[in-house]
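Contents: one structure, followed by commentary.
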Amino acid sequence: MSVLGATPSSFPVSVQTLIIGAGACGLTAALSAVEAGQEVLVLERDATPSGSTALSAGLIPAAGTKLQQAAGIEDDPTCFAADIQAKAHNQNAPALVSLMARTAAPVINWLTETHGLPFSLVTDFDYPGHSRRRMHGLPTRAGRELIDALRTRAETQGIDILCNARVTSLFATGKTVTGVAVTRPDGSTEHIGCTRLILACNGFGGNRAKVAKHMPEIETALWFGHDGNTGDALDWGSALGAQTAHLGAYQGHGNVAHPHGILITWAVITEGGVQVNNTGQRFWNEAQGYSEAARSVLSQPGGVAYAIFDARIAAIARQFQDFRDAEAQGAVKSANTLHELAKKLDLPPETLAETITNLPRGTDALGRNFTNPPLTPPFCGVRVTGALFHTQGGLMVDDQARVLDQAGTPFPNLFAAGGAACGVSGSGDSGYLSGNGLLSAVTLGWIAGESVT
C-alpha cells in the first residue's frame, strides 16, 4: 500500500463521495451521503460485501431510541457515555464518546423508519458494563443479516458498489486527497477521482505483524475477524501525517466454539453460566466481559476453556443464529447429569460436579456476584477458545469524522469511521463495552456520510 504524491493529470472516473469498504460502516455512510445529495461509489475488495460485521452478532447499542421508549426503558446519551467511559477506565476522549453516544439513537431510528430495517431490543439478558438494555439487532441476531439488509437498501437507493476492487494507493496533493488507484483480480489498475474520501475499511487485526507490534498479548489468538483488515487505512493516514491513538486497543472474545470456530453468545455466561478449564475448575471472574475473556481463556492449559450452562440459558441463547449453528454442528453438548456432561467434554467428572454444585449465591472468591437461578438439569457445555475480533485504535477524527493531522487540524476531505478510526474502548481489551465496534461503525459512518461542506 502507498500514498502517491503526484495526482494523475485526469481521472477517467470521478465521484463526489468515494467510500472504501462495504461493511456496516461503509454502507451506512453511503446511505447517509446519498441522503445528503452526494453521488456515491463504494469500493469493496471482496466479491460481495461482508467485512467484520458479517462475523458479529450485528448488535448496536443506542440510548434513547423509540424502541427503548416503547419498551418502557429509560435511557439517555449521558448514561450511555458514562457506561462507555467506566468500562474504558476513562481513557477515551470525552468528546468522541459524547459524539457517538448522542448519535446512536438517531441512527437506529433512521435505519428503522427511513430504511425499514426491523430492529428490536435484546430484552431478556444484560451485557456486561451496560446499565440499561440498549442492544438493538435484527431478527436473527446475526451480522450477516445486517450486512444484507444494508446492501439491499443501498442498491434500492441506486448506490453503486464496485466489488473485487482493492484500493492499492491514494493520490493526494498536500493534505487534499484527489483519488485512488484500484487493482482488479486480473491485475489491471483503474484510477478513480473523488471530491472526498471516507475510509471505512476497518482496522489491522488481520495483519499479524501489526498485531504483534501493538498488542503482543493477543498475537497467538485465533483471528476471528475479516482477513481484509490489514491496516490499509492506518498506513494511508500515517503516510499523510494523520494522528493515531490507542493502537493497542482491541476487542477479544473468550467464547468461540473450538475447533468449530463459531461464536457462542456471552448470554450463556451473563445468565448464570460459568467457564472452567480442563481440570473442571473456574479460573476467573467471568462477569468482567467477553473481550478480556480472550486473554483469560488463552492463559489456561491448551488455550481452551469450557462454557457450562443449562437448558434454560440455552433457550435464551437460541435467539442467536450462531448458537443455533453451533448446536447443529454438535459443538454444544447436553446431558442430564454433570457427570455425564463431563464425560462428553472430556473433563474430570467429580471436579466439574463439585464446581457447579457449589456455585454460590452472592459474591464468590473470584469477585463475581451470582444472582441468576442455579444451574439445573439438563446441563450444557461447549469447548471454547480465545479470539481476536477487531482492533479498536486508529485514526483520530473530529466531530464531522474528518481525520486529524498531528497538530489536531482536520484534513479537508479525508474521513474515517468504524475500525479505521480510533474507537472508544480505551487502550487495551478490558475497555471494550459490548457493541463498541458497530457503535463506531454506524455513528461515525452516518456522520461522515452527511458531512458535506
Side-chain angles (χ1 to χ4, degrees), residues 56-109 112 119-137 141 249 251-255 265-274 284-293 313 316-317 319-320 361-364 366-373 392 423-443:
S56 74
L59 297 179
I60 304 170
T65 65
K66 293 182 179 180
L67 287 168
Q68 280 183 308
Q69 294 167 12
I73 296 174
E74 295 185 5
D75 198 7
D76 60 65
T78 301
C79 177
F80 187 14
D83 287 348
I84 293 172
Q85 288 290 56
K87 190 69 168 66
H89 319 294
N90 292 306
Q91 294 174 339
N92 298 312
L96 185 60
V97 173
S98 177
L99 178 67
M100 291 189 196
R102 69 175 182 265
T103 304
V107 171
I108 290 293
N109 292 339
T112 302
F119 280 104
S120 62
L121 274 170
V122 177
T123 58
D124 47 3
F125 65 91
D126 299 309
Y127 278 86
H130 285 284
S131 61
R132 303 289 189 276
R133 290 183 170 173
R134 56 172 71 103
M135 285 295 190
H136 298 71
R141 305 294 193 245
Q251 184 217 330
H253 207 298
N255 221 36
T265 172
W266 200 241
V268 303
I269 303 298
T270 60
E271 284 302 297
V274 298
W284 80 300
N285 174 8
E286 304 96 332
Q288 294 178 55
Y290 56 73
S291 183
E292 47 267 69
I313 297 173
I316 295 172
Q319 68 183 279
F320 294 89
R361 295 299 94 197
T363 304
D364 70 353
L366 294 172
R368 180 173 174 182
N369 184 22
F370 284 88
T371 58
N372 300 101
Q392 285 287 292
V424 288
S425 298
S427 61
D429 62 340
S430 64
Y432 185 86
L433 185 68
S434 300
N436 270 3
L438 279 173
L439 171 68
S440 175
V442 300
T443 57

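No hydrogens, no waters, no symmetry mates; every other heavy atom, side chains included, goes into these values.
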Q) Would you find a donor on one side and an acceptor on the other, under 3.5 Å apart, between the side chain of N436 and the backbone of V424? A) yes
**Q.** side chain to side chain contact (heavy atoms under 4.5 Å, CB included) assessment of R368 paired with W284
**A.** CA-CA 9 Å; R368 180 173 174 182; W284 80 300; over 6 Å; no
Q) Does the side chain of R134 come within less than 4.5 Å of C79's, by heavy atoms? A) yes
**Q.** Short side-chain to backbone donor-acceptor contact, D124 and I316, under 3.5 Å
**A.** no
Q: Could you check L121 against H136 for side chain to side chain contact (heavy atoms under 4.5 Å, CB included), going step by step and ending with a plain yes or no?
A: CA-CA 5 Å; L121 274 170; H136 298 71; 3.5 Å; yes
**Q.** Minimum heavy-atom distance A63-P77, with the two atoms named
**A.** CB-N, 4.0 Å
**Q.** Q69 side chain vs G64 backbone, donor-acceptor pair below 3.5 Å
**A.** yes
Q: Give, for atom CD1 of I84 and atom CG of N90, the distance between the pair rounded to the nearest 0.5 Å.
A: 11.5 Å
Q. With no hydrogens and no angle check, is any side-chain donor or acceptor of S430 less than 3.5 Å from a backbone partner on E292?
A. no
Q | Residue pair V268 / I313, side-chain heavy-atom distance below 4.5 Å | A | yes
**Q.** Least distance between heavy atoms, G437 atom then Y432 atom
**A.** N-OH, 3.1 Å
Q.
Does any part of the side chain of F119, heavy atoms only, come nearer than 4.5 Å to the side chain of T65, both counted from C-beta?
A. no
(Q) Is there a side-chain contact between T265 and Q319 in this structure, where contact means two heavy atoms from C-beta onward sitting under 4.5 Å apart? (A) no
Q) Can you tell me how far the OG1 atom of T270 sits from the CD atom of E286, to the nearest 0.5 Å? A) 11.0 Å
Q: Could you pull out the closest heavy-atom pair between M135 and L59, with the gap in Å?
A: SD-CB, 4.0 Å
Q | Check: N92 side chain, G426 main-chain N or O, donor-acceptor pair, under 3.5 Å | A | yes
Q: Could you tell me the separation between the CG atom of L439 and the CE atom of M100, rounded to the nearest 0.5 Å?
A: 6.0 Å
Q) Under 3.5 Å, is there a donor-acceptor pair between the side chain of R133 and the main chain of T123? A) yes
Q. Does N255 reach the main-chain N or O of W266 with its side chain, forming a donor-acceptor pair under 3.5 Å?
A. no
Q) Which distance, rounded to the nearest 0.5 Å, do you find between the CG of N369 and the CG of N372? A) 9.5 Å
Q: Taking T112 for its side chain and I108 for its backbone only, find out whether a donor-acceptor pair lies under 3.5 Å.
A: yes
Q. How far apart are the closest heavy atoms of A287 and P128, and which atoms are they?
A. O-CB, 3.8 Å
Q.
Looking only at side-chain N and O atoms, does S120 offer a donor or acceptor that is under 3.5 Å from a partner on R141?
A. yes
Q. Sub-3.5 Å donor-acceptor pair from the side chain of Q85 to the main-chain atoms of A82, do we have one?
A. no
Q. Shortest non-hydrogen contact from A62 to D75?
A. O-OD2, 4.2 Å
**Q.** Minimum heavy-atom distance between F370 and D364, given as atom pair plus value
**A.** CE1-OD2, 3.6 Å
Q) So, S427 versus H89: side-chain donor-acceptor pair below 3.5 Å or not? A) no
Q: Go through Y127 and D83 one step at a time and tell me if the side chain to side chain contact (heavy atoms under 4.5 Å, CB included) criterion holds.
A: CA-CA 11 Å; Y127 278 86; D83 287 348; over 6 Å; no
(Q) Do Q251 and Y290 have side chains that approach each other closer than 4.5 Å (heavy atoms only, starting at C-beta)? (A) yes
